[in-house]
Novice: 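Starting off with a structure, shown below.
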Amino acid sequence: MVGYDPKADDRSISKFEVAVAGSVSGLVTRALISPLDVIKIRFQLQIERLSRSDPNAKYHGILQAGRQILREEGPTAFWKGHIPAQLLSIGYGAVQFLSFEMLTELVHRAGVHDARDFSVHFVCGGLSACMATLAVHPVDVLRTRFAAQGEPKVYKTLRAAVATMYRTEGPLVFYKGLNPTLIAIFPYAGFQFSFYNSLKRVYEWVTPAEGKKNGNLKNLLCGSGAGVISKTLTYPLDLFKKRLQVGGFEQARASFGQVRSYRGLLDCARQVLREEGVPGFFKGLSPSLLKAAFSTGLMFFWYELFCNLFHRMKKADS
């Protein structure tokens with residue numbers, strides 16, 4: 001069970017083990033879905049339409065983008081920015097799951113609401129994600145810069161990137177895109193946690209008794225469903241975040257097509273609407289939904305797997 005559940009959860013794992021399970025789930029998931037993440041970011045940052053009919057469009061489909069990136073930059077391009085991405089995932093997973101566990105337990109102790117309610121999981125999930133975002137946002141900016149750059153590389157190493165960005169753009173560069181990130185992450189993570197637990201209840205209701213034995217499959221499927229729903233509902237804000245994070249980085253993107261500068265979240269939204277239309281708000285949605293299905297499903301799958309593993313190890317020792 002994700003979150004505090006006094007009725008169904010007899011696991012005696014510690015808060016430290018919760019954080020470790022969250023970190024490991026983030027690490028494994030990130031390694032597996034990195035190629036989709038790179039393609040999604042390339043789509044989000046492309047000004048031109050994602051269509052074969054636009055002769056200036058560098059990318060127009062998932063498979064075409066994958067082949068072109070492989071041909072031009074090699075297989076390692078799909079893991080560009082992987083070190084900062086892994087730091088992001090490990091730190092984010094630990095803070096998010098630990099915060100969620102503590103917040104839902106706090107709600108239960110206060111006795112105001114049932115800690116398993118949809119609304120409680122939505123609010124606690126959103127708040128836990130905001131805490132995790134504040135902790136790791138600078139690493140997210142670094143990850144986006146590495147994934148966005150083409151060849152020749154502007155940043156050769158993580159250390160060089162940090163030094164160059166700090167020297168040329170100041171310390172606030174590491175918090176570019178923070179406002180739309182926080183605005184987007186609260187409902188996105190809130191929906192993730194609340195829909196995950198709701199879908200698990202639906203799964204148990206519709207699945208025959210013999211099918212309920214496979215808890216890992218249930219966690220994977222319900223996590224994937226929660227990821228797709230959450231991402232669809234909050235996607236435009238994720239696109240705005242990526243556009244803002246590469247502000248001041250335009251010279252590295254000249255080979256990809258047109259570039260734009262934005263003064264903030266509202267200006268970014270206005271420019272995208274004016275130049276790219278409503279479909280511009282959903283550029284990269286296809287790889288993003290694939291990524292959301294895999295990443296959210298795997299995140300909850302690995303988290304529950306490691307929590308159960310810790311619980312069985314404790315029972316074996318006792």
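The residues of the chain are indexed from 1 along the displayed sequence. We use all heavy atoms of the structure for the numbers below, so side chains are in, but hydrogens, waters and symmetry mates are not.
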Novice: Going from CD on Q96 to CD on E101, what distance comes out if it is rounded to the nearest 0.5 angstrom?
Specialist: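 Atom-to-atom, Q96:CD and E101:CD are 12.5 Å apart.
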Novice: Are any of the side-chain nitrogens in K58 or E72 under 4.0 Å away from the carboxylate oxygens of its partner?
Specialist: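 Yes.
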Novice: Is there a path of hydrophobic side-chain contacts, each under 4.5 Å between heavy atoms of I/L/V/M/F/W/Y residues, joining F294 to I39?
Specialist: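 Yes, same cluster.
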Novice: Are V28 and V24 close enough, and set up right, to give a side chain to side chain contact (heavy atoms under 4.5 Å, CB included), and what steps lead you there?
Specialist: CA-CA 6 Å; V28 177; V24 176; 4.2 Å; yes
Novice: Salt bridge or not between K200 and E204? Use side-chain N to carboxylate O under 4.0 Å.
Specialist: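 Looking at K200 and E204, the cut-off is not met.
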Novice: CG/L98 to CZ/F16 distance, rounded to the nearest 0.5 angstrom?
Specialist: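 Atom-to-atom, L98:CG and F16:CZ are 11.0 Å apart.
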Novice: Verify the ring-centre separation between F300 and F193: is it less than 6.0 angstrom?
Specialist: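 Under 6.0 Å, so yes.
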Novice: Quick check, are the ring centers of F122 and F186 under 6.0 angstrom apart?
Specialist: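 Yes.
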Novice: Would you please name every residue forming a side chain to side chain contact (heavy atoms under 4.5 Å, CB included) with A269, sequence neighbours left out?
Specialist: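 Checked A269 against side chain to side chain contact (heavy atoms under 4.5 Å, CB included); matches are F240.
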Novice: Calculate, to the nearest 0.5 Å, the distance between atoms OG and CG belonging to S288 and D238 respectively.
Specialist: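 So the OG of S288 and the CG of D238 are separated by 5.5 Å.
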Novice: Can you measure from CG (L88) to NE2 (H137) and round to the nearest 0.5 angstrom?
Specialist: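 It is 10.0 Å, given to the nearest 0.5 Å.
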Novice: Minimum heavy-atom separation for S99 and M131, please, with both atom names.
Specialist: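 For S99 versus M131, the nearest heavy atoms are OG-SD, 3.5 Å.
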Novice: With clusters defined by side-chain heavy atoms of hydrophobic residues (ILVMFWY) lying less than 4.5 Å apart, directly or transitively, does L298 cluster with F195?
Specialist: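 Result: no, two separate clusters.
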Novice: Table please: side-chain donor-acceptor pairs of residues 225-237 below 3.5 Å, with sequence neighbours left out.
Specialist:
from : atom 1 : to   : atom 2 : distance (Å)
S230 : OG     : Q192 : N      : 3.1
S230 : OG     : A226 : O      : 2.6
T232 : OG1    : V228 : O      : 2.8
T234 : OG1    : S230 : O      : 2.9
Y235 : OH     : Q44  : NE2    : 3.2
Y235 : OH     : K283 : O      : 2.1
Y235 : OH     : G284 : O      : 3.4

Novice: On a heavy-atom basis, which atom in L103 and which in S128 lie closest, and how many Å separate them?
Specialist: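 Taking every non-hydrogen atom into account, CD1-N, 4.0 Å.
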Novice: Going by side chain to side chain contact (heavy atoms under 4.5 Å, CB included), name the residues that satisfy it together with Q271, two or more places apart in sequence or in a different chain.
Specialist: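 Only R260, Y262, D267, R274, E275 meet the side chain to side chain contact (heavy atoms under 4.5 Å, CB included) criterion with Q271.
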Novice: Could you state the interatomic distance from NZ (K291) to CG (L285), rounded to the nearest 0.5 Å?
Specialist: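 Answer rounded to 0.5 Å: 12.5 Å.
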Novice: Over 60° means perpendicular and under 30° means parallel, so tell me whether F100 and H121 are parallel, tilted or perpendicular.
Specialist: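 It falls in the perpendicular class, over 60°.
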Novice: Determine whether F174 and L182 fall in the same hydrophobic cluster, where Ile, Leu, Val, Met, Phe, Trp and Tyr are linked whenever their side-chain heavy atoms lie under 4.5 Å apart.
Specialist: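 In one cluster with F174: L182, yes.
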